[in-house]
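What follows is a set of notes on a single structure, which appears directly below.
One is the number of the first residue; the rest follow in order along the sequence.
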Amino acid sequence: MDVMKLMMSDYNVETINDGLNEFNVEFHGPKESLYEGGVWKIRVELPDAYPYKSPSIRFVNKIFHPNVDETSGSVCLDVINQSWSPMFDLLNIFEVFLPQLLLYPNPSDPLNGDAASLMMKDRKQYDQKVKEFCERYAKKENVTKGTADEETDDDEDVTDEETGSSDDEIAGHADP
């Protein structure tokens, strides 16, 4: 019933393996935040004991945030991980918990140490990096693409950049 309620709301829900225990939800960054305009695919996995046990929530496409693991997309959010209650539902996650997480990051309890450190040391540079990640990874087309395609594209982008710059440096130093 909880999943159906989410599907009937304004959220785009894509089921996985024709079941209701695992699905993706299209999530938009909250207004008046650094993440405004960003669109993320959120993977939700409901345990058999749901709603008595909390769902597993992770960002599929990349986001730069102290409380989101950059590699896995796992979310560090007390209300989901530690103080979950059967009184909460999936709409709470997408209308309250995730927007609050993006509006009020907690760098003192990080999953992404680089984001937390940058946020505490240089807020302007942190803000810029958040916006760069939104531009690069949080577009509507990133959400509608398949997960395997995203991973391949990201790996190619990184490899091309790293290879191009390191080859130039080596070639530049090798030829006097």
Side-chain angles (χ1 to χ4, degrees), residues 1-107 109-112 115-116 119 129-154:
M1 188 168 122
D2 203 16
V3 178
M4 296 306 288
K5 192 163 116 180
L6 187 66
M7 290 174 136
M8 294 177 76
S9 68
D10 291 336
Y11 294 97
N12 183 10
V13 179
E14 171 192 335
T15 59
I16 299 171
N17 300 326
D18 297 326
L20 294 179
N21 284 8
E22 191 176 354
F23 49 91
N24 294 320
V25 178
E26 187 177 297
F27 175 72
H28 295 260
K31 288 184 168 49
E32 298 181 21
S33 76
L34 294 172
Y35 301 94
E36 183 174 10
V39 182
W40 287 270
K41 184 185 287 188
I42 306 293
R43 172 72 48 95
V44 179
E45 294 176 28
L46 301 179
D48 291 337
Y50 181 83
Y52 301 102
K53 189 169 187 286
S54 67
S56 172
I57 305 291
R58 72 177 183 87
F59 284 80
V60 175
N61 46 328
K62 290 186 179 195
I63 183 169
F64 191 73
H65 189 284
N67 309 113
V68 179
D69 185 274
E70 190 175 355
T71 307
S72 70
S74 297
V75 175
C76 178
L77 191 58
D78 286 347
V79 75
I80 293 174
N81 298 330
Q82 292 153 5
S83 57
W84 179 260
S85 162
M87 291 175 48
F88 299 138
D89 64 13
L90 294 171
L91 278 175
N92 288 124
I93 291 172
F94 291 97
E95 293 182 354
V96 179
F97 304 152
L98 286 178
Q100 291 291 316
L101 178 75
L102 298 188
L103 286 164
Y104 307 107
N106 179 5
D109 185 20
L111 277 177
N112 181 336
M119 182 182 182
K129 189 145 185 183
V130 166
K131 289 176 184 176
E132 286 171 14
F133 266 62
C134 287
E135 278 295 313
R136 186 166 184 183
Y137 303 110
K139 293 292 176 198
K140 180 81 170 169
E141 54 268 20
N142 296 108
V143 172
T144 54
K145 277 199 311 186
T147 309
D149 292 341
E150 285 175 30
E151 290 171 5
T152 304
D153 289 348
D154 290 346

Handout entry: Close side-chain approach of Val68 to Leu101, heavy-atom, < 4.5 Å
Key = yes
Exercise for the section: Would you indicate whether the side-chain heavy atoms of Cys134 and Leu34 approach each other to under 4.5 Å? Expected result: no
Handout entry: Close side-chain approach of Val75 and Asn67, heavy atoms under 4.5 Å
Key = no
Exercise for the section: Work out which heavy atom in Phe64 is nearest to a heavy atom in Ala115; give both atom names and the distance. Expected result: CZ-CA, 3.4 Å
Handout entry: Student check: side-chain heavy atoms of Leu90 and Lys5 closer than 4.5 Å
Key = no
Practice task
State, with a plain yes or no, whether a side-chain heavy atom of Ile63 is found less than 4.5 Å away from one of Leu102.
Solution key: yes
Practice task
On the 0 to 90° scale, with breaks at 30° and 60°, tag the Phe27-Trp40 ring pair as parallel, tilted or perpendicular.
Solution key: tilted
Problem - Close side-chain approach of Asp2 to Pro51, heavy-atom, < 4.5 Å - result: no
Practice task
Starting at CD of Glu45, measure out to CD of Glu22 and round the result to the nearest 0.5 Å.
Solution key: 4.5 Å
Practice task
Count the heavy atoms belonging to other residues, nucleotides or ligands that lie under 6.0 Å from CD of Glu135, then report whether that count exceeds 12.
Solution key: no
Fill in the blank from the handout: Those residues at least two apart in sequence (or on a different chain) that pass salt bridge (Lys or Arg N to Asp or Glu O under 4.0 Å) with Lys53 are none
Problem - NZ on Lys129 to CE on Met119, rounded to 0.5 Å - result: 14.5 Å
Side-chain donor-acceptor contacts of residues 10-21 below 3.5 Å, not counting sequence neighbours, with atom names and distances?
from	atom 1	to	atom 2	distance (Å)
Tyr11	OH	Phe94	O	3.2
Asn12	ND2	Glu26	OE1	3.4

Exercise for the section: Return the minimal non-hydrogen interatomic distance between Pro55 and Pro47, and the atom names on each side. Expected result: CA-CD, 3.9 Å
Exercise for the section: Fit a plane to each ring of His65 and Tyr35, take the angle between them on a 0 to 90° scale, and name the class: parallel (under 30°), tilted (30 to 60°) or perpendicular (over 60°). Expected result: tilted
Practice task
Over all heavy atoms of both residues, which pair between Lys41 and Asn61 is shortest? Give the atoms and the distance, please.
Solution key: N-OD1, 2.8 Å
Practice task
Report the distance from atom CG of Leu111 to atom OG of Ser74, rounding to the nearest 0.5 Å.
Solution key: 7.0 Å
Practice task
Measure the CD1-CG distance between Ile93 and Leu6 for me, rounded to the nearest 0.5 Å.
Solution key: 9.0 Å
Completion exercise
What one should report as the nearest heavy-atom pair of Pro66 and Pro107 is CB-CA, 4.1 Å
Exercise for the section: Could you tell me whether the side chain of Ser72 and the main chain of Asp69 form a donor-acceptor pair under 3.5 Å? Expected result: no
Completion exercise
Output for pair (Gln82 CD, Cys76 SG), nearest 0.5 Å, gives 7.0 Å
Problem - Side-chain donor or acceptor of Ser33 paired with backbone N/O of Leu103 under 3.5 Å - result: no
Problem - Sub-4.5 Å side-chain heavy-atom contact between Phe59 and Ile42 - result: yes
